[in-house]
Amino acid sequence: MREVAFIKQNKEKWLEFEQAIFGKSKKKPDELANLYIHLVNDLAYAQTYYPKSKTVTYLNYLASQTYQKIYKTKREDTNRFLYFFKTEVPLLVYEYRRYILYGFLIFIILTSIGIVSAVNDDTFVRLILGDSYVNMSLENIKEGNPVAVYKSGSNWGSYISITWNNLRVGALSYFMGIFIGFGTFYVFMKNCIMLGAFQTFFYKENVFWESVRGIWIHGSMEIFAMIIEAAAGFALGASILFPKTFSRFNSFKIGFKNTFKIFLSTMPFTIMAGFLEGFITRYSVDMPHFLSVGIILTTLGMISFYYLIYPFIVYKKVKK
């Protein structure tokens with residue numbers, strides 16, 4: 001069968017899927033499940049006879065969205081909050097996994113630019129971090145505590161102000177994605193270059209290890225969450241730039257609905273990072289090395305597992 005005839009024959013059925021998925025018509029889970037079976041059959045046929053066609057991309061998207069709709073409308077013992085983090089977000093992260101990859105690749109490139117610039121230009125660190133911060137850090141290094149800045153203020157005061165700032169920056173990075181991703185890139189670039197210059201500064205002052213033991217106690221989660229937020233912003237921009245078979249506005253609505261959930265999922269990690277920065281990092285100099293390194297590896301392992309490994313586990317489980 002020609003692809004045009006295949007599309008014409010099934011067009012009405014696919015439109016019915018779209019209406020069911022996006023709330024324009026109400027269907028029971030059993031009805032959706034029946035539609036889903038037909039949709040999977042159409043997808044298999046299209047993958048066999050039109051493997052490089054946009055029809056395959058369209059049907060694959062409809063199939064994944066229909067499955068999520070079925071899964072969400074089933075009666076479950078778990079509450080909505082648990083389902084959101086346990087199933088919904090991991091499936092969305094799997095769906096947008098290439099943007100997570102792009103986020104990490106861009107992070108490495110931009111941070112490397114900050115490192116190379118700081119290594120080759122002695123004025124670059126002052127340009128990025130400011131004279132007052134650099135001078136204060138130099139004084140702290142002379143006094144034997146490179147990360148003494150984290151001891152300023154009260155525990156609770158530091159925690160609240162740091163967490164609020166990190167949530168604000170993360171939201172800015174994500175929502176700037178509406179400028180077809182360029183806004184997200186600008187915010188991300190500033191933070192990555194700053195990070196590269198920041199760590200290079202401590203390296204050049206021969207206190208790199210001391211800075212790592214302190215800063216990355218909270219930085220593991222904070223920076224990782226920043227990458228996920230940027231990836232969500234890039235995906236949001238891509239939904240506008242590459243609408244595929246949808247209208248640009250409908251593509252944006254779908255993209256915003258999905259990527260906003262990914263962005264929301266980073267908030268608990270950002271809040272936890274703020275807690276560590278406000279209450280734990282200030283004591284890093286006096287900690288045994290095994291304890292500070294243990295905290296860093298534990299926090300990094302937690303967030304890495306959730307965004308890089310767990311989505312594949314959930315997807316395989318759902319696919320069965």
Side-chain angles (χ1 to χ4, degrees), residues 61 64-65 68 80-81 83-111 114 160-196 218-244 246 248-275 277 299-300 302-304 306-308 310-311:
Y61 177 79
S64 64
Q65 293 298 311
Q68 287 190 45
R80 185 67 183 83
F81 181 82
Y83 171 79
F84 178 78
F85 285 100
K86 186 179 178 182
T87 304
E88 189 170 5
V89 169
L91 286 176
L92 288 171
V93 170
Y94 181 86
E95 183 178 341
Y96 289 91
R97 60 193 181 279
R98 63 188 173 119
Y99 292 99
I100 306 293
L101 175 61
Y102 298 157
F104 276 98
L105 291 176
I106 294 170
F107 169 77
I108 292 170
I109 292 169
L110 294 177
T111 304
I160 293 171
S161 62
I162 288 166
T163 301
W164 170 251
N165 180 68
N166 290 343
L167 289 171
R168 181 184 61 82
V169 172
L172 181 66
S173 178
Y174 168 68
F175 285 108
M176 288 290 278
I178 62 174
F179 298 105
I180 58 174
F182 288 110
T184 294
F185 181 82
Y186 176 73
V187 176
F188 197 40
M189 178 181 67
K190 286 176 61 179
N191 285 296
C192 290
I193 290 177
M194 185 181 295
L195 174 64
H218 63 270
S220 294
M221 282 190 173
E222 182 182 319
I223 301 303
F224 203 115
M226 179 184 78
I227 296 170
I228 301 299
E229 289 155 355
F234 292 139
L236 178 62
S239 71
I240 302 170
L241 201 57
F242 308 110
K244 296 180 180 178
F246 300 98
R248 203 171 297 277
F249 181 67
N250 283 335
S251 177
F252 168 71
K253 285 198 301 183
I254 296 166
F256 177 75
K257 178 183 176 182
N258 291 339
T259 59
F260 184 67
K261 291 174 182 177
I262 296 175
F263 161 68
L264 284 180
S265 73
T266 66
M267 287 188 173
F269 295 105
T270 300
I271 292 170
M272 193 180 303
F275 176 84
E277 188 169 355
T299 54
L300 181 60
M302 286 171 58
I303 194 168
S304 297
Y306 185 73
Y307 286 107
L308 302 182
Y310 186 59

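Because the structure is predicted, anything quoted here is derived from the model rather than measured. Starting from 1, each residue takes its place in the sequence as its number.
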Residues Cys192, Met226; criterion side chain to side chain contact (heavy atoms under 4.5 Å, CB included); working and verdict = CA-CA 10 Å; Cys192 290; Met226 179 184 78; 4.2 Å; yes
Rounded to the nearest 0.5 Å, how far does [atom2] of [Y] lie from [atom1] of [X]?
| X | Y | atom1 | atom2 | result |
| --- | --- | --- | --- | --- |
| Asn191 | Ile223 | CG | CD1 | 7.5 Å |
| Ser161 | Glu277 | OG | CD | 8.5 Å |
| Tyr186 | Leu172 | OH | CG | 10.0 Å |
| Thr270 | Asn165 | OG1 | CG | 11.0 Å |
| Arg168 | Ser173 | CZ | OG | 12.0 Å |
| Phe242 | Arg248 | CZ | CZ | 9.5 Å |

Given side chains that start at C-beta, do those of Thr163 and Phe275 come closer than 4.5 Å, heavy atoms only?
->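 With C-beta onward as the side chain, the pair stays apart.
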Test item: Leu264 and Val89 side chains (from C-beta on) under 4.5 Å apart, heavy atoms |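 Contact flag for Leu264/Val89 side chains = no.
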Worked check of side chain to side chain contact (heavy atoms under 4.5 Å, CB included) between Phe179 and Thr184 = CA-CA 8 Å; Phe179 298 105; Thr184 294; over 6 Å; no
Is a side-chain donor or acceptor of Tyr83 paired with a backbone partner of Glu88 at a separation under 3.5 angstrom?
->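 No, because the side chain of Tyr83 does not come within donor-acceptor range (under 3.5 Å) of the backbone of Glu88.
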Expected output: side-chain Ser265 to main-chain Ile262 donor-acceptor under 3.5 Å |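 Flag set: sc Ser265 to bb Ile262 pair under 3.5 Å.
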Work out which heavy atom in [X] is nearest to a heavy atom in [Y]; give both atom names and the distance.
| X | Y | result |
| --- | --- | --- |
| Ser251 | Pro243 | OG-CA, 3.4 Å |
| Leu236 | Gly255 | CD1-C, 4.2 Å |
| Ile178 | Ile240 | O-CD1, 3.5 Å |
| Pro90 | Pro311 | O-CB, 3.3 Å |
| Tyr99 | Ala231 | O-CB, 3.3 Å |
| Lys261 | Lys257 | CG-O, 3.4 Å |

Pair [X] and [Y], ring centroids less than 6.0 Å apart:
| X | Y | result |
| --- | --- | --- |
| Phe224 | Tyr306 | no |
| Phe85 | Phe81 | yes |
| Phe185 | Phe188 | no |

In sequence, state the C-alpha distance, the side-chain angles, and the governing distance for Val93 and Tyr310, and then conclude on side chain to side chain contact (heavy atoms under 4.5 Å, CB included).
-> CA-CA 9 Å; Val93 170; Tyr310 186 59; over 6 Å; no
Between Glu229 and Thr266: side-chain donor-acceptor atoms closer than 3.5 Å =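 Checked: Glu229/Thr266 side chains pair up, N/O donor to acceptor below 3.5 Å.
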Verify whether one side chain among Tyr96 and Thr259 offers a donor that lies under 3.5 Å from an acceptor in the other.
->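 On atom types as modelled, these side chains do not qualify, holding no pair under 3.5 Å.
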Look at the rings of Phe252 and Phe249 and say which category their plane angle falls in: under 30° parallel, 30 to 60° tilted, over 60° perpendicular.
->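 Taking Phe249 first and then Phe252, their aromatic rings sit tilted (interplane angle of 30° to 60°).
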After noting the C-alpha distance and the side-chain angles of Ile106 and Phe234, does the key distance pass the side chain to side chain contact (heavy atoms under 4.5 Å, CB included) rule?
-> CA-CA 11 Å; Ile106 294 170; Phe234 292 139; 3.7 Å; yes
